[in-house]
Amino acid sequence: MKENTIKVGWNLENTYTNLPDILFTAIDVNPVSNPKLVLLNDGLATSLGLDSKTLASKQGVEELAGNRVIEGGIPLAQAYAGHQFGNFTMLGDGRALLLGEQITPSGELVDIQLKGSGRTPYSRGGDGRAGLGPMLREYIISESMHALGIPTTRSLSVVTTGEDIMRETVQPGAVMTRIAASHIRVGTFQFVARWGTIDYLKALADYAIERHYPILMDKENRYLLFLQEVIERQAALIAKWQLVGFIHGVMNTDNMTISGETIDYGPCAFMDMYNPKTVFSSIDAHGRYAYENQPNIAAWNLARLAESLLPLIHEDQEEAVKQAQEAMTAYPETYETYWLTGMGNKLGIFNLEEEDIWLIDNLLRLMEQYDADYTNTFRLLTLGKVEDTVMFGNKEFDQWHEKWQARLEKQDVSEEFIQQLMQKSNPVFIPRNHRVEEALKAAVEKEDYRVLESLLKVISNPYDYNTSYMDYIAVPPDTSGPYKTFCGT
Ligand code: AMP
Ligand code: MG
């Protein structure tokens, strides 16, 4: 824990610069022509110890656009590698800059990063820039995830650059300021394991442990424990994704954090109709990152982390492999426990038993068969309005419903307790794809942010069962073909 501070404003450390220098490259800022603030996250600013008015001032906006460096910042691009759709590649921040780590009023250390801030040595063929649409999208979805109680990076601001960028179409350019527990990825470890020395690997691991798992710091076998902790946090995270129907879209190893936060919102989306095969990303032709595959893909990614840590786990590599494999065997069970407990809670069951799995499996099977909307089905069950579900009247569903009710009655708790458990486990509001698109269209094409602001307001309170915003629960009107999202470049 850092010392508390009363100073409002930037209060930066630059601890990442103490790491071996193959891990980053210091970068000069890449100014843009006409920065304009279009979104500012007031609540987040306050929790970071920042003042919204100062951030929105002329100087503040220049800083959020990357035209000038914030006080105490040392801009750098981080190096990392990663398996993209299974293929190992050198990557790194090709369009992002870490400015430093802010010490928050509560004593946490969080990364301040600009995304869309221009070219770096890791840009490969890219222009280093980001489009307004994708940055607003990341802002909306990450705020929603945060409000849903799912660990995530957050967005402090979006600034338009006054410059167009070329994608499939010409788009306004934008810079987003991203806040993260850190930006250390599985791919950061892969990078050092491949191109660094054991000492570098140790330095990175110790740094990550100190930031995210400080109680392990003086443990002798801390690298194995570190692996176990990351496995635990990722299992918990992916279970939370599954429980709300979130599909990340690009679960490459460079898009998986060591902190356990969701990161890099590209072609992600929430599922409307329940279908485990759902995939939104236009670049995921084979469905590698489909909804039902996410838990397994996380395990695959964690195995890449385990491999990278082998030299630190034990001197004897055979022994290291044995220990790492053992650590990995915990993942499926840990994930399953989180998921089952969460699913139980969604059904108002607080002490899940073996036979309850039947209830979960059969409900999901029926939902799939009847194209039931994922979020709304659980909302209706919470409200006791089964007659409004598309499955109502079907014999199998009615039997299921009877069994479920009988199971709930077996619990020695009040109805209110069950109600509360269900209400806090089943969101009313998710950022539905058609709503997100509508908000982005108004903002990008007409510079009208009202639609987006309204959406943000609603999804910031996702468990509000006393809501008057019922329009936002509606499923999308029938469209021609499945929803597709495009990579956030
Ligand atoms: P992402 O798909 O956002 O996770 O990015 C994958 C890799 O491509 C990362 O190394 C990014 O920094 C890089 N990248 C994405 N877009 C751009 C861009 N417009 N210019 C340069 N690099 C980019
Ligand atoms: Mg990425």
Side-chain angles (χ1 to χ4, degrees), residues 22-25 27 30 32 66 75-98 111 113-139 141-142 152-153 155 158 160-161 163-178 180 182-192 194-195 247-259 261-269 279-285 288-289 297-298 301 304-305 484-489:
I22 60 159
L23 271 159
F24 61 90
T25 306
I27 304 283
N30 294 296
V32 295
L76 60 87
Q78 293 175 312
Y80 51 86
H83 276 91
Q84 298 193 301
F85 292 90
N87 305 307
F88 187 73
T89 327
M90 171 62 200
L91 295 162
D93 289 334
R95 54 165 176 168
L97 289 180
L98 178 67
D111 276 12
Q113 193 205 55
L114 301 181
K115 187 169 176 181
S117 48
R119 287 183 55 80
T120 77
Y122 313 112
S123 296
R124 297 173 291 162
D127 61 2
R129 293 294 175 192
L132 176 60
M135 294 304 98
L136 295 176
R137 196 158 203 292
E138 173 154 352
Y139 189 111
I141 311 282
S142 61
T152 178
T153 65
S155 314
V158 178
T160 49
T161 59
E163 294 167 8
D164 284 340
I165 64 164
M166 283 300 294
R167 294 295 183 263
E168 280 102 33
T169 54
V170 177
Q171 284 189 37
V175 177
M176 191 187 80
T177 300
R178 179 158 73 178
S182 86
H183 285 83
I184 306 171
R185 305 148 190 269
V186 168
T188 318
F189 280 89
Q190 291 183 287
F191 167 77
V192 185
R194 173 70 79 99
W195 287 292
I247 299 167
H248 182 283
V250 205
M251 284 180 74
N252 295 333
T253 55
D254 54 300
N255 292 338
M256 183 185 256
T257 61
I258 294 306
S259 67
E261 285 183 342
T262 312
I263 197 170
D264 272 0
Y265 293 87
C268 58
V279 43
F280 293 114
S281 170
S282 60
I283 53 172
D284 191 3
R288 178 180 168 94
Y289 300 138
I297 287 291
N301 290 348
R304 307 289 79 76
L305 175 66
K484 281 277 169 253
T485 53
F486 295 87
C487 213
T489 49

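In listed order, ligands and their atoms are each counted from 1. Positions are given from 1, in the same order as the sequence printed here.
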With side chain to side chain donor-acceptor pair (under 3.5 Å) as the test, pick out the partner of Gln190 among Asp254, Thr253, Asn301.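 Of Asp254, Thr253, Asn301, side chain to side chain donor-acceptor pair (under 3.5 Å) with Gln190 is met by Thr253 alone.
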Examine [X] against ligand 1 and note whether any of their N/O atoms are separated by less than 3.5 Å.
X      : answer
Gly94  : yes
Asp93  : no
Asn255 : yes

[X] with [Y]: basic N within carboxylate O range, under 4.0 Å:
X      : Y      : answer
Arg129 : Asp164 : no
Asp264 : Arg185 : yes
Asp127 : Arg167 : yes

Which of the N/O/S atoms in Asp264 sits closest to the Mg ion (ligand 2)?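 The Asp264 atom nearest to the Mg ion (ligand 2), restricting to N, O or S, is OD2.
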Per atom 16 (N) of ligand 1, closest listed option by heavy atom (Arg185, Lys115, Arg95, Glu138): Arg95
Using heavy-atom distances only, which candidate in Thr120, Ile283, Asp127 approaches atom 19 (N) of ligand 1 most closely? Asp127
For Arg167, the atoms of ligand 1 under 4.0 Å from one of its heavy atoms are 19 (N)
Is the distance from the Mg ion (ligand 2) to some N, O or S atom of Asn252 under 2.8 Å? no
Close approach, Gly92 and ligand 1, non-hydrogen under 4.0 angstrom: yes
With distance as the sole test, does Thr89 use its side chain to make a donor-acceptor pair with the main-chain N or O of Leu91 at under 3.5 Å? no
Between the OH atom in Tyr265 and the OG atom in Ser155, the distance rounded to the nearest 0.5 Å is 8.5 Å
